[in-house]
Each structure stands twice: as C-alpha cells, then as structure tokens.
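Residue numbering restarts at 1 for every chain, and letters A, B, ... go by the order of the sequence lines.
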Protein chains: 2
Amino acid sequence: MNSVNLKRLAQELNLSIATVSRALQDSYEVSAHTKERVKALAAELNYEPNAYASSLRRNISKTIGVVIPEVNNHFFSLAINGIEEVARQSGYHVLIYLTHEDYDREVAITQYLTGGRVDGILMSVASETQEFGHLLKLQATKPAIVFFDRVCDSIATAQVTTNDFESGFQATEHLIQAGCRHIAHLLVSGNLSIGRMRMQGYQAALQQYGLPFDEALVLDGNGNDEQNTALITALLTARPEVDGIFASVERLAISSYHACNGLGRAIPEQVKIISFSNLGVAALLDPALTTITQPAYEIGREAAKILLRAIEKKKPILPTQSLVLKSELFERRSTAK
Amino acid sequence: MNSVNLKRLAQELNLSIATVSRALQDSYEVSAHTKERVKALAAELNYEPNAYASSLRRNISKTIGVVIPEVNNHFFSLAINGIEEVARQSGYHVLIYLTHEDYDREVAITQYLTGGRVDGILMSVASETQEFGHLLKLQATKPAIVFFDRVCDSIATAQVTTNDFESGFQATEHLIQAGCRHIAHLLVSGNLSIGRMRMQGYQAALQQYGLPFDEALVLDGNGNDEQNTALITALLTARPEVDGIFASVERLAISSYHACNGLGRAIPEQVKIISFSNLGVAALLDPALTTITQPAYEIGREAAKILLRAIEKKKPILPTQSLVLKSELFERRSTAK
DNA sequence: CTGTTAGCGCGTTCAG
DNA sequence: CTGAACGCGCTAACAG
C-alpha cells in the first residue's frame, strides 16, 4: 500500500496531523506559510488521500453507481459518456453494473448498493423486471436514485426520458405523409415502457389520419436476427400491400432491410422504413432509412446533473424534476427519387 | 445513512461486535446456533456491510478500475462486458474512467487511482499518450495493472492483445488471393501500437507475394468521415488501378464504401474491401465487405482474470503472463458472383 | 466458543 | 493559528 499519508507528512514537517489535514483542505484557519510547506511536500511525495478513510469519516463516497441492462448498445454507451463527463467535472467516480436484462442480477446489484458504496444511482431497469420491491428497499436507505430511459413509476423520484409517444406518432406520420397506407409496426419487449409509448404513438397517428389499426401488422421481434428476418419476410409475403415499416428498435430495421432485399422489394420505392436508432448503424446502412435518434448523451448528462445536484444539496429528488428530452427525426440525404 | 451496522446487530442480540462480524463471515470459531441467530437478524434488518470501513481495515477494496479511451465503440463496450462479467463473479466492483484519447485526462485519472481506491487497473492507453511517467508512478504504488489492446511496453506487466501483425498479413493475403494486385491501406493514428502492427503485416504480405510496396497507397485517416471519404475518393481517382482496400478500422471501411459507391466502383467486383470491425457495423453494411473481428469480449475476460488472480494471490503480474488472442477473419455470406 | 482491545486514515470537535 | 483526542464501521490479535 501507499504509505504516504497524513501522518507521514506531519512527521516530516513537524506538524500535527490535524494541521496537515486542514492545510490540504485550504482551511482558513491555517497560515499561508504552512499551507505552502504542506502542499509542496504533498506534491513532492505524490500524496493522494485515502478515499475510503475519507468516505468512512464523512459518510460521503463521491461515487455514483450506474445500473443498466447492457453497455454494448449505442444508446447506453453514449449515456455513460454523458454521465462520466458530468461526474468527472464534479469530482465523482462512476461504478458500473450490468444487469443483462436479468431480474435476479438487478436485485443482487441493488442489494450491494445498499451498503453505502455510492451516494447516488442512475438506473435503467431491466426488461425482465416486473417487481419493484428491491428498488423500494434501495430507496429506503441512503442513495438517491434517478431513472433514465427505462423508468420505474412506482418510485417517487426524477426520471429522464424521451418523448416516445410523440416520436412514435411522428414516425408514423412521416410514413403516412410519404404516401404509406399499410404500415407495419415492429415492437420489442412489450413489457418496456418505452415500447408501449411508441406503439401508442403509432396507433394515435393511424387514427388521426383515418387509417385502420390492423393487429396483424404488429410484430413482436423478440427472437434473434434470423428469426426476426424470417418473421418479417413472412409478414411481407402474406401482406404484400405493406408499404411502410416502423421499427421500434434498430435491430428490427436491419432485419426489415434484409427481408426487403431478400424479397426484391425496393427501399424506399416499394417499402419505406423508419426506425429508432439505438445502435447507430442504420444511418450507415442505407440513405433510404429514416431514423429517430434519442439524445442519449444529453440524457446521461441531464440525469447525472439532477442526481449530483441533489447529492450536493443533500435534498431528496422530487418527481417534479423529471425531464423529457426530444428525439430527433433524422431524414438521410434525400434519396434520388 | 443506513444505521444497520454491526453495533446495532450486536446490541439487539446481546453479543459483541466481534462475534457478529465473525458469524457473518462464517468463521469456524462461532457456534452454529449463534451464526443462525446473527444471520437471521441481519437478513431481517437488511444489513449490508459498509464497504469503505471494510476496505479501510483490510486495505483491500474489491474494486478495479477500467481506464479506456471511450465506451462508445463496439470493441471497448464488449471488453467492458467481459470485464464486468469476470469481476461480478469474483465479487469485484468496476469503476470506469474515460480518457477521450486525452493525455491530460489520463494523467489525472491515474493520479486518483494512486489513492488506494482500486486494487487493480485494466487499461488501454490513449492515442495521444507518448510519455509514460504517470504510469510508472502508478506502478510504484499499490495497484496491479494489466494492459489490453492499447498497451504500454515501458511498464513491466502483462498485456492482453490480439495478433495484429498476423491479422494484417492475413487480411492482405486474403485480398491478394482474391486477385487484388493494387491494395491500398488505410491506417489510423500511426502512433498506436496496433496500427503499426497491422501495417507491418500488410507490408510483409505484399513482400511475400512479390507485390511492390507503394507508399502512395497508404492513407492516414485521421479526419472526420467526410474528409476521409474525400481522401479515399481522391486516391481512387488518382490511382484507378486500386482493386483492393485494407482498412485498419471500420470507420475507414465505411468511408471507402461510400467513396466507391460515389465513383460507381462495384464492390467487390472492381474493388474488394476488408476491414477490422471495431464498430460491428460493416458486417451489416454489405455482404461484400469482409471483416476481421477482434475477440473483444474474451480480451476483457482474460485481462480481468489475470488481474484478479494476481490480486487474490497478492503476487506481482509478470510480462510472461501476457496473452495474444486471435482475431477472426469473417467472410460474409458468399456474394452472388 | 466469545469478548476486549487496538487500530486502518481521515476529519472534526475542543483546548489552548 | 496549531495540537491532542475521538470515532466513522469494521477486522484481527490477544485473552479468557
């Protein structure tokens, strides 16, 4: 272990530990001269305070935990980016935990976090999670929580989300205005709040434009890519009138792309595709795919800001601090019509 | 703060703090009966040990730090996945720090980590980093370090890398065997070890197959996507004989793809492209792009395993424990010729 | 088998 | 302005 501690500095300078401690904290009750001496030696010996001793004493860890389903996803990794940025600026450290959409892991993780390891938590709940007892238990102990993207309404705290209903509406409207009359919707994990909201936006748009809602045009793409492609191919074969596809997640847009290519349906002449882009891939796939992008980086930043502000002020986080950011509909370079 | 601590348990059970502590650790010198009583109450009150007190006392944090350039990258996020997996299994926590390829941040981060916050560090050095003083300083204090992917040879420790020279050779050979005679190489950050190795593999393959090395066919793609696309377009225009492109990173393969499309060069009939895939995108772009994929997840796992094993055994990490994993050349579904 | 004691390194009284 | 003393919650050595 690193043996450069306050005691060592105090000995070398013939000062007491208390004075050294105060000097390093720029306490007003220490002479400028001693401050200089102390800081000089600290720098020379590469003194770094022991974070755990400090945390133990002050009951503050300067650490936040990020609990997310996975990291290998454009949305979440951008969010982490934003979180880390804000945390670093405020001198906080970031612990990361992946649930892999597994309920049991989520419970185990929240249990660790009860132990005072973190001052606050940023969380996106796993798709499997249906019970929220572990979150209530967590809330009962110290750490502040802010949910982002995948929220939990049972807990009274702030949430940072995107306008999924509106975006779903907008996406569908985009296809309708482009001339589509038979629009399929590919959703994922009906269990997730975000999927439901997007779906509702889809239905609302259909209704507003006087198009029928046909349940047969809604697919649940829970399988792997091959299975999804097969499902979509089957749908397009059975219902050749489908002229638009609204994919709730990017993976399904890619499967749609392959399905259309396989069937020789031209994109976008015969079938127009619009998709949420959480992978950042579709934008590169084909200029003809229109994407809706969540402001992942900003979501991370804003969620972290709310959390850190609450921690620093030692105030509870209120649901009224929730934020809804806007996704951006991104139409690729105009396709040669 | 959570006031369920050993003292509280001890009081309620009329036992000493020490006994409660031992019981919770399944010490052999505690009666089965008391163990039961203690554990029952601990479970009931949701006792979770204070991690910092324990760390302070035992001088072990059960935490590792991961220092990487960015997280929004298929390679690094998969690596984190592997790291988190191994860490979780061994009861370790994972702190994450992003350098954004910035030398000063890297220095600041390594300085924090001197403070005993972590037992070990997994690191991929920033592309900007040329001086390694901060890493030497870090090594002088406690934490064990293992480098992965972007290594630092000045530090005597284990590294987990991929066979970049061989892969570069193999990629070039693949193009040659497919009939290419004028192969361009797109590299990135000549400063990075991995880029150099791939480039050397390229040169070695050319030599072995008796093809000339033409420096004009090597581009450094450090700009943004548009700039890179322009550069490649210029190259392909100036040197129409180019019939193969070996991209060192995926971003450049995508730019190549767009450049070829812009010039009306058919892929793969006129130009064959092969690329390292660190984004996981190219594989979806076009079946005609052949990719070389680093086993990112395994790299993360193996690096973490080496690190944790050393920590647990309290033994220094030797360079001889280094590992070289193999990248996989992944030829997409045979393109209809 | 259990209790007492002594720190880990730091921040914060309370005295001077 | 500085020092002595205490305790955060936990573990480990030493007694019994």
To the side chain of [X], which of [options] is closest?
X       : options               : result
B/Ala18 : C/dG11, D/dA12, D/dG9 : D/dA12
A/Pro49 : C/dC10, D/dG3, D/dC10 : C/dC10
A/Leu15 : C/dG3, D/dG3, C/dT12  : D/dG3
A/Ser21 : D/dC1, D/dG3, C/dT12  : C/dT12
B/Arg22 : D/dG3, D/dC14, C/dG11 : D/dC14
B/Ser54 : D/dT2, C/dG11, D/dC10 : D/dC10

Which whole-number value in Å describes the distance from [X] [atom1] to [N] [atom2]?
X       : N      : atom1 : atom2 : result
A/Lys35 : D/dT2  : NZ    : P     : 10 Å
A/Arg58 : C/dT13 : CZ    : P     : 13 Å
B/Leu56 : C/dC8  : CG    : P     : 9 Å
B/Leu13 : C/dC1  : CG    : P     : 18 Å

I would like to know whether B/Glu302 and B/Lys305 meet salt bridge (charged side-chain N to carboxylate O under 4.0 Å, His left out); could you show each step before the answer? CA-CA 5 Å; B/Glu302 294 304 327; B/Lys305 277 194 215 164; 3.4 Å; yes
Once rounded to the nearest 0.5 Å, what's the spacing between atom CE of B/Met123 and atom CD of B/Gln159? 12.5 Å
Can you measure from CD1 (B/Ile17) to CZ (B/Arg8) and round to the nearest 0.5 angstrom? 13.5 Å
Quick check on D/dT2: is either OP1 or OP2 less than 4.0 Å from any side-chain nitrogen or oxygen of A/Thr19? no
B/Glu131 atom CD, neighbour heavy-atom count above 12 within 6.0 Å: no
Could you tell me, to 10°, how much the axis swings from one end of the helix from C/dC1-D/dG16 to C/dG16-D/dC1 to the other, five pairs per end? 40°
Contact check, side chains of [X] and [Y], non-hydrogen atoms, under 4.5 Å:
X        : Y        : value
A/Asp26  : A/Lys39  : yes
A/Arg117 : B/Glu48  : no
A/Asn72  : B/Tyr297 : no

